[in-house]
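Heads up, the thing below is written out as structure tokens.
Numbering starts at 1 and runs along the sequence shown.
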Amino acid sequence: NGITLCLFLSPTPTFIQIVKKKSTEEYSPVPYLVTLINCLVWVLYGLPMVHPHNTPVLTINGAGIIIEVVFITIFFVYCGRPKQRLVIAAVLAGETVFVAVLTVLVFTLQHSTTKERSLSVGIICCVFNVMMYASPLSVMIPNGIGCVFGLAQLILYAAYYK
């Protein structure tokens with residue numbers, strides 16, 4: 001939990017800089033939005049009705065939610081682009097709806113055992129965990145994919161140019 005807390009707090013210097021400069025500059029909100037939904041689904045997983053005796057998961061991800069809400073609020077306040085604020089608000093609304101629907105589905109469709117709930121929510125948690133760790137790459141992924149497709153086109157052209 002200590003290491004995870006350090007992970008959640010690692011963007012603190014960035015946000016200190018954002019507050020000092022009163023601008024988000026070119027920073028992306030994606031890693032913080034993805035970390036928030038990751039923490040939200042892990043809190044669902046940590047509930048005793050889903051996975052009993054999982055207090056450490058519940059507490060550290062609860063702390064993660066608080067930390068990410070603070071970071072996203074700072075980002076929202078100092079973001080100079082109204083369209084980006086709208087996107088952040090829409091993503092937050094979507095995340096809230098997703099977690100609410102997931103919670104309702106888990107407790108209505110899988111009301112028989114905690115083992116079933118634990119497995120299904122656990123799989124979703126793993127997916128969001130991978131997304132959280134990959135989210136800082138969102139800055140370079142479009143260019144990386146473009147390079148791969150461009151290379152594929154050049155190879156096809158070289159192979160079939162006659």
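Scanning both residues, V99 and V41, for their nearest heavy atoms gives CG2-CG1, 4.3 Å. Minimum heavy-atom separation, C39 to F8: SG-CZ, 3.4 Å. When all heavy atoms are compared, the tightest approach of Q84 to Y27 is NE2-O, 4.2 Å. Minimum interatomic distance between V34 and E95 (heavy atoms only, all atoms of both residues): N-OE2, 4.3 Å. Across E25 and R81, no two heavy atoms sit closer than the pair O-NH1, 3.7 Å. When all heavy atoms of V104 and T108 are compared, the closest pair comes out as O-OG1, 2.7 Å.
In this structure, M132 CE and E68 CD are separated by 8.5 Å, a value rounded to the nearest 0.5 Å. Interatomic distance, L109 CG to S120 OG, rounded to the nearest 0.5 Å: 9.5 Å. In this structure, the separation between CD1 on I88 and CD1 on I72 is 8.0 Å, given to the nearest 0.5 Å. L36 CG to F71 CZ: the interatomic distance, rounded to the nearest 0.5 Å, is 12.0 Å. The line from CG of N38 to CD1 of I65 is 10.0 Å long, rounded to the nearest 0.5 Å. Atom-to-atom distance recorded for W42:CH2 and T4:OG1 is 10.0 Å, nearest 0.5 angstrom.
Note on I18: it clusters hydrophobically with V70, by side-chain heavy-atom contacts below 4.5 Å among ILVMFWY residues. If you chain together hydrophobic residues whose side chains sit under 4.5 Å apart, Y133 and V30 fall into the same group. In the hydrophobic clustering of ILVMFWY residues, with side-chain heavy atoms under 4.5 Å counting as a link, I66 and Y45 come out apart. I67 and I16 end up in different hydrophobic clusters when Ile, Leu, Val, Met, Phe, Trp and Tyr side chains are linked at under 4.5 Å. With hydrophobic clusters built from ILVMFWY side chains whose heavy atoms lie under 4.5 angstrom apart, L119 does not share a cluster with V43.
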message = Using the rule given for side chain to side chain contact (heavy atoms under 4.5 Å, CB included), can you reason through V50 versus T114, listing the C-alpha separation, both sets of side-chain angles and the distance that settles it, and then say yes or no?
response = CA-CA 5 Å; V50 176; T114 56; over 6 Å; no
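Taking the six-membered ring where tryptophan is involved, the planes of F15 and Y32 are perpendicular, since the angle between them exceeds 60° and thus also 30°.
In this structure a side-chain-to-backbone donor-acceptor pair under 3.5 Å is present from R85 to C79. Proximity of a side-chain donor or acceptor of S118 to a complementary backbone N or O of K115 within less than 3.5 Å is not detected. Counting only distance, with no hydrogens or angles, the side chain of N61 and the backbone of V57 share a donor-acceptor pair below 3.5 Å. Side chain of R117 to main chain of M49: a donor-acceptor pair is present (N/O by atom type, distance under 3.5 Å, no hydrogens or angles).
Counting heavy atoms from C-beta on, the side chains of F75 and P29 come closer than 4.5 Å.
In L156, the CG atom is crowded: over 12 heavy atoms of neighbouring residues, nucleotides or ligands sit closer than 6.0 Å.
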